[in-house]
Amino acid sequence: MHNTQPWRFRVVFATCTIELRADPERTLLVTDPSGRAVHIACGAALLNLRLAAAVAGREPVVQLLADPDQPLLLATVRLAGPHRAQPDERELHAAITRRHTNRGPFSGRPVPPGVLAELADAARVEGGILHVLDRDETARVLYLVRDAERDRLADPAYRAELARWAGGPRDREGIPDSALGPRSPDRPAPVREFTPGRTGPAGYAWFEENPQLAVLSTHFGGRAHWLQAGQALQRVLLTATGRGIAASPLTQPLETSDAWLVRDPRSEHEEPQMILRLGYGLPVPPTPRRPVKDVLDE
């Protein structure tokens, strides 16, 4: 969330293990007090690490939450015996550096059913559930998004946290002006408002009339399931990138006590973890990343 990059990696050469740890200095205390978003972000990074190991010819053996006495230790990845990377692993790995959040307008062209089925399968591989919303459910969830954001923007602490991580020139972390996206001239845009009180750096643009939304859920909540959701999210996003599909997250209602309202009332008990806007958009610049030396301990 907000490109905080809340992860650290520690290499233990003696056991051929890479530890994935949360970085408490990068927790969003206002937006993410439970740490759910940190776990999802680190789960996404964990899938990238798994893919990198596989493509490098080593089998990644993962253990989540390996030590209850170390709450910041989210996962260990032991580089086991030789592994022959499968075509899907190579394809997903190649998409890592091409995957960017796209907060710009999408075209009115719908994502084909076959591609949506692929995205649902990608989530299922990691234990997630991806529901593509129909028009009525989309309208209902967008209302929840706008309602939650309006309440959020009334909180000075939330606005201060946004200002710390979004807007202006940024070369290591956060969301620079170039990645914020434009405003909508006629109605609320289906993207987060990162710079309240000032005109968007990209001006105004017409967004798609009927956004295409999907909700990623897990069967249960809690830390292990949040990590599971992050891996499912990243597999969905990398699969979408490989198919030329743009994606933009919407999490505002999931940051409140009313997160359960996002769940489709027709579905079984599930814990919504991410709302994704999907479609076809123009290429966008990447957000910055911290150098490896800042996130790796040996």
Side-chain angles (χ1 to χ4, degrees), residues 1-29 32-99 122 125-128 171-174 218 220-238 273 286-298:
M1 185 177 287
H2 304 355
N3 192 29
T4 58
Q5 304 169 54
W7 45 69
R8 292 195 69 83
F9 298 92
R10 180 170 178 263
V11 179
V12 183
F13 290 100
T15 57
C16 293
T17 299
I18 301 175
E19 299 176 345
L20 170 61
R21 296 174 179 268
D23 187 340
E25 296 183 1
R26 295 175 174 275
T27 297
L28 299 171
L29 297 179
D32 183 37
S34 69
R36 185 186 69 89
V38 167
H39 284 70
I40 290 177
C42 288
L46 175 59
L47 181 75
N48 285 353
L49 177 56
R50 288 168 48 199
L51 292 170
V55 169
R58 300 295 290 272
E59 180 185 0
V61 179
V62 178
Q63 185 176 1
L64 300 181
L65 306 175
D67 187 347
D69 293 329
Q70 299 187 63
L72 296 181
L73 178 58
L74 302 186
T76 60
V77 180
R78 182 170 60 86
L79 303 180
H83 174 80
R84 182 184 295 274
Q86 300 301 304
D88 65 313
E89 292 173 325
R90 294 188 179 279
E91 182 179 357
L92 293 172
H93 181 263
I96 290 174
T97 56
R98 295 187 286 113
R99 187 215 65 77
V125 167
E126 301 295 338
D171 61 358
R172 297 165 62 90
E173 61 198 7
T218 53
F220 302 99
R223 299 178 66 211
H225 294 282
W226 296 339
L227 289 168
Q228 181 185 53
Q231 293 173 88
L233 171 66
Q234 186 70 345
R235 188 173 285 268
V236 168
L237 293 176
L238 294 177
Q273 305 293 352
T287 51
R289 290 290 182 269
R290 291 187 289 162
V292 171
K293 64 182 179 62
D294 285 1
V295 299
L296 182 66
D297 301 315
E298 298 184 21

| message | Just to verify, what does Leu296 make a side-chain contact (heavy atoms from CB on, under 4.5 Å) with, not counting sequence neighbours? | response | Phe9, Val11, Val292, Glu298
| Looking at residues at least two apart in the chain, or sitting in another chain, which of them share a side chain to side chain donor-acceptor pair (under 3.5 Å) with Thr76? | none
| Quick one: does Arg289's side chain get under 4.5 Å of Asn3's, heavy atoms only? | yes
| request: Look up atom OG1 in Thr287 and atom CG in Asp171, then write down how far apart they are to the nearest 0.5 Å. | output: 12.0 Å
| field | Any residue meeting side chain to side chain donor-acceptor pair (under 3.5 Å) with Ser34, in chain and number order, not counting sequence neighbours | value | none
| remark: ring pair (Phe, Tyr, Trp, His ring centres under 6.0 Å) filter on His93, not counting sequence neighbours, yields none
| message | Distance check, rounded to the nearest 0.5 Å: Ile18 atom CD1 versus Leu79 atom CG? | response | 5.0 Å
| Closest approach of Ala41 to Trp7 (non-hydrogen atoms, all atoms of both residues) | O-CZ3, 3.7 Å
| message | I want to check something: taking the side chain as every heavy atom from C-beta on, are Gln231 and Gln234 in contact at a cut-off of under 4.5 Å? | response | no
| task | Could you grab the distance from atom CG of Leu74 to atom CD of Glu19, nearest 0.5 Å is fine? | result | 11.0 Å
| message | Determine whether a donor-acceptor pair (N or O, by modelled atom type, separation under 3.5 Å) exists between the side chain of Arg223 and the backbone of Pro71. | response | yes
| message | If you apply the rule side chain to side chain contact (heavy atoms under 4.5 Å, CB included), what do you find for Leu28 with Thr4, and how did you get there? | response | CA-CA 8 Å; Leu28 299 171; Thr4 58; 3.8 Å; yes
| query | What heavy-atom pair brings Cys42 and Ala22 nearest, and what distance separates the two atoms? | reply | SG-CA, 4.4 Å
| said: Measuring only between side-chain heavy atoms, which start at C-beta, is Leu46 closer than 4.5 Å to Val77? | reply: yes
| Can you check whether Ala80's main-chain N or O pairs, donor with acceptor, with Arg58's side chain at less than 3.5 Å? | yes
| task | Would you mind telling me which of Arg290, Arg26, His2 makes a side-chain hydrogen bond (donor to acceptor under 3.5 Å, both in side chains) with Glu173? | result | Arg26
| What distance do Gln273 atom CD and Ile40 atom CD1 have between them, rounded to the nearest 0.5 Å? | 5.0 Å
| said: Before you tell me yes or no, could you show the steps for Thr97 and Arg99 under side chain to side chain donor-acceptor pair (under 3.5 Å), namely the whole-Å CA-CA distance, both residues' side-chain angles and the distance that decides it to 0.1 Å? | reply: CA-CA 6 Å; Thr97 56; Arg99 187 215 65 77; over 6 Å; no
| said: Quick one: does any side-chain atom of Gln5 pair with a main-chain N or O of Arg172 as donor and acceptor, under 3.5 Å? | reply: yes
| Measuring from Arg84:CZ to Arg90:CZ, what's the distance to the nearest 0.5 Å? | 9.0 Å
| query | CG/Asn48 to CG/Leu92 distance, rounded to the nearest 0.5 angstrom? | reply | 9.5 Å
| How close do Arg235 and Ala122 get, heavy atom to heavy atom, and via which atoms? | CD-O, 3.1 Å
| Between Thr218 (side chain) and Phe220 (backbone), is there a donor-acceptor pair under 3.5 Å? | yes
| So, Asp32 side chain and Thr27 main chain: donor-acceptor pair closer than 3.5 Å or not? | no
| said: Using the side chain to side chain donor-acceptor pair (under 3.5 Å) criterion, which residues pair with Glu59? Sequence neighbours excluded. | reply: none
With a cut-off of 3.5 Å and sequence neighbours excluded, list every side-chain donor-acceptor pair involving residues 60-70.
| residue | atom | partner | partner atom | Å |
| --- | --- | --- | --- | --- |
| Asp67 | OD1 | Asp69 | N | 2.9 |
| Asp67 | OD2 | Gln70 | NE2 | 3.0 |
| Gln70 | OE1 | Arg21 | NH1 | 3.1 |
| Gln70 | OE1 | Arg21 | NH2 | 3.1 |

